[in-house]
A.B. asks: 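This is the structure I have questions about; it appears just below.
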Amino acid sequence: MVMPRFVRPKEGDSESSPNLYVANCGPAVGLSFDTIASAFSSFGEVKGVYAADESGARVIVSFLEPASAHSAFIALNGRPCPHLGGRSLHIRHSILQPPSCREMASVPVSLNASDLNIPGLYLLHDFISVVEEGQLLQAVDTGSWISLSKRRVQHYGYKFCYDTRNVDTKQHLGALPSFVSFILERISLSPDIPETLDLDQLTVNEYPPGVGLSPHIDTHSAFEGLIFSLSLAGPCIMEFRRYTAGSWVPKTASISGTEVENPNSCSEVSRKAIYLPPRSMLLLSGEARCAWHHYIPHHKIDKVNETMIRRGSRRVSFTFRKVRRGPCQCEFPQYCDSQSQT
């Protein structure tokens with residue numbers, strides 16, 4: 001279920017709204033939603049009480065009738081409420097904002113790749129140990145980070161150029177660092193991975209809380225058909241989207257964090273989502289790599305089925321690829337930059 005979103009009304013529309021934004025009120029200050037609903041019900045029927053944000057100290061009280069909301073506003077704004085322990089409330093009117101198309105329908109979150117039924121998608125849980133995770137984080141934290149608009153990155157093997165969404169094969173940065181050698185060996189020996197490549201490019205991403213990744217397909221002409229992504233430090237949800245041919249075309253380097261999604265294409269997309277826990281390895285191959293956009297929502301808290309999971313202080317991903325030396329000849333020309341140029 002998508003939570004309602006409320007905004008400040010336009011001037012003159014306040015008294016026509018049945019909703020109130022109430023600050024200094026909520027679970028973080030010891031007041032349950034039921035207690036709040038009971039206190040405000042003396043002004044009229046309360047339809048619901050919702051969290052206004054992640055603070056736990058601001059709520060939306062939604063009445064059945066606008067007159068009830070206005071009466072509560074007049075009686076309680078800036079004044080102590082005897083039914084809420086004498087706490088002074090700061091109130092303003094609020095209106096319900098229609099959901100955007102991406103919010104129109106929630107996407108069930110799977111824990112296993114097989115549940116998504118996307119050919120070529122694999123998720124290996126506990127691919128590394130907690131000790132190994134700590135060693136990898138320590139290794140990159142001693143390296144040099146490159147700051148993007150919302151996150152930091154490191155490149156090994158070849159630098160990824162966000163402006164062109166490609167790599168310059170003439171600028172080799174050297175072999176992949178020794179601290180990932182055991183990962184490469186484990187990939188090559190894993191019975192759960194259908195095929196492997198001589199991986200030669202690594203991008204390390206550090207995501208602060210609330211920062212995600214805009215929908216994109218890794219450029220076909222830049223990389224071969226297997227992409228491995230190891231999650232460290234924090235969890236996230238990754239959503240996969242399959243757009244109808246011609247209904248969604250990237251305009252810029254969306255992988256850099258710039259949102260370029262067409263908001264009018266919602267009816268022309270299939271959406272599926274999976275939970276990526278720390279130390280898990282995600283493999284994109286075949287259709288999953290070539291035809292499905294992958295996307296990390298910009299959330300601080302993810303809802304995994306009925307459980308709310310906070311992402312933590314940061315999430316770090318190690319993405320391993322093989323640089324492509326010739327044109328892509330995949331089976332998905334409508335998503336392929338190599339074949340669209342011929």
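Just so we're clear, the structure is a prediction, and the values are computed from it rather than from any experiment. For the numbers below, each heavy atom of this structure counts, side chains included, while hydrogens, waters and symmetry mates do not.
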A.B. asks: Passes side-chain contact (heavy atoms from CB on, under 4.5 Å), Val22 versus Phe40? Steps please.
C.D. replies: CA-CA 11 Å; Val22 185; Phe40 278 84; 4.0 Å; yes
A.B. asks: I would like to know whether Ile187 and Met281 meet side-chain contact (heavy atoms from CB on, under 4.5 Å); could you show each step before the answer?
C.D. replies: CA-CA 9 Å; Ile187 288 173; Met281 176 69 83; 4.0 Å; yes
A.B. asks: Can you find a heavy atom in the side chain of Leu20 that is under 4.5 Å from one in the side chain of Phe63?
C.D. replies: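 Answer yes - side chains close enough.
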A.B. asks: Taking the side chain as every heavy atom from C-beta outward, state whether Ile227 and Leu282 have any pair of such atoms under 4.5 Å apart.
C.D. replies: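 With C-beta onward as the side chain, the pair stays apart.
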A.B. asks: Tell me, which pairs form a salt bridge (charged side-chain N to carboxylate O under 4.0 Å, His left out) where one or both residues lie in residues 179-191, sequence neighbours left out?
C.D. replies: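 Listed by first then second residue: Glu132-Arg186.
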A.B. asks: Could I get the full list of side-chain hydrogen bond (donor to acceptor under 3.5 Å, both in side chains) partners for Tyr156, not counting sequence neighbours?
C.D. replies: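 Counting only residues at least two positions away or on another chain, Tyr156 forms a side-chain hydrogen bond (donor to acceptor under 3.5 Å, both in side chains) with Gln154.
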A.B. asks: Return the CH2 to CZ distance between Trp145 and Arg151, rounded to the nearest 0.5 Å.
C.D. replies: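 The distance works out to 11.0 Å.
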A.B. asks: Suppose we screen for side-chain hydrogen bond (donor to acceptor under 3.5 Å, both in side chains). Which residues come up paired with Ser110, at least two apart in sequence or across chains?
C.D. replies: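 Expected list: none.
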A.B. asks: Between Asp302 and Arg311 (salt bridge meaning N to carboxylate O under 4.0 Å), is one present in this structure?
C.D. replies: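 Salt bridge between Asp302 and Arg311, a charged N being under 4.0 Å from a carboxylate O: yes.
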A.B. asks: With sequence neighbours left out, what residues match His172 under ring-ring contact (aromatic ring centres under 6.0 Å, His included)?
C.D. replies: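 For His172, the residues satisfying ring-ring contact (aromatic ring centres under 6.0 Å, His included) (neighbours in sequence not counted) are Tyr158.
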A.B. asks: Under the side chain to side chain contact (heavy atoms under 4.5 Å, CB included) test, which residues partner Asn24, sequence neighbours left out?
C.D. replies: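 If we apply the side chain to side chain contact (heavy atoms under 4.5 Å, CB included) test to Asn24, skipping adjacent residues, the hits are Val29, Arg87, His90.
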A.B. asks: Leu230 versus Leu136: any side-chain heavy-atom pair under 4.5 Å?
C.D. replies: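 Of all side-chain heavy-atom pairs linking Leu136 with Leu230, at least one is under 4.5 Å.
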A.B. asks: Is it true that the side chains of Thr219 and Asn166 contain a donor and an acceptor less than 3.5 Å apart?
C.D. replies: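 The criterion, which ignores hydrogens and geometry beyond distance, is not satisfied for Asn166 and Thr219.
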A.B. asks: For the pair Gln339 (side chain) and Cys330 (backbone), establish whether a donor and an acceptor sit closer than 3.5 Å, ignoring hydrogens and angles.
C.D. replies: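 The answer is yes, because a donor-acceptor pair under 3.5 Å joins these two groups.
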A.B. asks: Looking at Arg289 and Asp218, would you say the former's side chain and the latter's main chain have a donor-acceptor pair under 3.5 Å?
C.D. replies: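 Yes, because the side chain of Arg289 sits within donor-acceptor range (under 3.5 Å) of the backbone of Asp218.
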A.B. asks: Partners of Ser190 by side chain to side chain contact (heavy atoms under 4.5 Å, CB included), sequence neighbours excluded?
C.D. replies: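 For Ser190 the side chain to side chain contact (heavy atoms under 4.5 Å, CB included) partners, ignoring immediate neighbours, are Leu124, Asp192, Ile193.
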A.B. asks: List the residues meeting side chain to side chain contact (heavy atoms under 4.5 Å, CB included) with Ser280, not counting sequence neighbours, and say none if there are none.
C.D. replies: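 Ser280: side chain to side chain contact (heavy atoms under 4.5 Å, CB included) contacts with Leu123, Ser231, Leu276, Pro277.
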A.B. asks: Under the side chain to side chain contact (heavy atoms under 4.5 Å, CB included) test, which residues partner Asp126, sequence neighbours left out?
C.D. replies: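 With sequence neighbours excluded, Asp126 shows a side chain to side chain contact (heavy atoms under 4.5 Å, CB included) to Arg279, given in chain and number order.
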A.B. asks: Would you please say whether a donor-acceptor pair under 3.5 Å links the side chains of Tyr335 and Arg242?
C.D. replies: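 Present: a donor and an acceptor within the cut-off.
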A.B. asks: Please, which pairs that meet salt bridge (charged side-chain N to carboxylate O under 4.0 Å, His left out) have at least one residue in residues 59-68, sequence neighbours excluded?
C.D. replies: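 Listed by first then second residue: nothing to list.
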A.B. asks: Under 3.5 Å, is there a donor-acceptor pair between the Asn205 and Thr319 side chains?
C.D. replies: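 Judged by distance alone, the side chains do not pair up.
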A.B. asks: Should His125 and Asn112 count as side-chain neighbours, where that means a heavy-atom distance under 4.5 Å?
C.D. replies: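 Contact flag for His125/Asn112 side chains = yes.
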A.B. asks: Who else is in the cluster with Leu111 when I, L, V, M, F, W and Y are joined by side-chain contacts under 4.5 Å?
C.D. replies: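 Val109, Ile237, Tyr275, Val304, Ile309, all in the cluster of Leu111.
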A.B. asks: Going by heavy atoms in the side chains, are Val140 and Glu206 under 4.5 Å from each other?
C.D. replies: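 SC-SC contact between Val140 and Glu206 ruled out.
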A.B. asks: Tell me whether the centres of the aromatic rings in Phe73 and His93 are closer together than 6.0 Å.
C.D. replies: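 Yes - the distance between ring centres of Phe73 and His93 falls below the 6.0 Å cut-off.
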A.B. asks: Does the side chain of Thr142 come within less than 4.5 Å of Phe179's, by heavy atoms?
C.D. replies: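 Counting from C-beta outward, Phe179 and Thr142 never come under 4.5 Å.
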A.B. asks: Less than 4.5 Å apart, any side-chain heavy atom of Glu239 and any of His294?
C.D. replies: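 No, too far: nothing below the 4.5 Å cut-off.
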A.B. asks: With side-chain contact (heavy atoms from CB on, under 4.5 Å) as the test, would you mind laying out the steps for Gln171 and Lys159 before giving the verdict?
C.D. replies: CA-CA 8 Å; Gln171 295 187 7; Lys159 181 180 179 180; 5.8 Å; no
A.B. asks: Go through it in stages, so that I can follow the logic: the residues are Leu284 and Phe240, the test is side-chain contact (heavy atoms from CB on, under 4.5 Å), and I'd like the CA-CA distance, side-chain angles, deciding distance and then a yes or no.
C.D. replies: CA-CA 11 Å; Leu284 304 179; Phe240 294 89; 3.7 Å; yes
A.B. asks: Holding to side-chain hydrogen bond (donor to acceptor under 3.5 Å, both in side chains), I want the full list of residues that pass it with Asp141, two or more places apart in sequence or in another chain.
C.D. replies: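 Asp141 satisfies side-chain hydrogen bond (donor to acceptor under 3.5 Å, both in side chains) with Arg314 once adjacent residues are dropped.
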A.B. asks: Can you tell me how the ring of Phe223 sits relative to the ring of Phe160, calling it parallel under 30°, perpendicular over 60° and tilted otherwise?
C.D. replies: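 The arrangement is parallel - the two ring planes meet at less than 30°.
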A.B. asks: Under the side-chain hydrogen bond (donor to acceptor under 3.5 Å, both in side chains) rule, collect the residues that match up with Glu224, sequence neighbours excluded.
C.D. replies: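 For Glu224 the side-chain hydrogen bond (donor to acceptor under 3.5 Å, both in side chains) partners, ignoring immediate neighbours, are Arg324.
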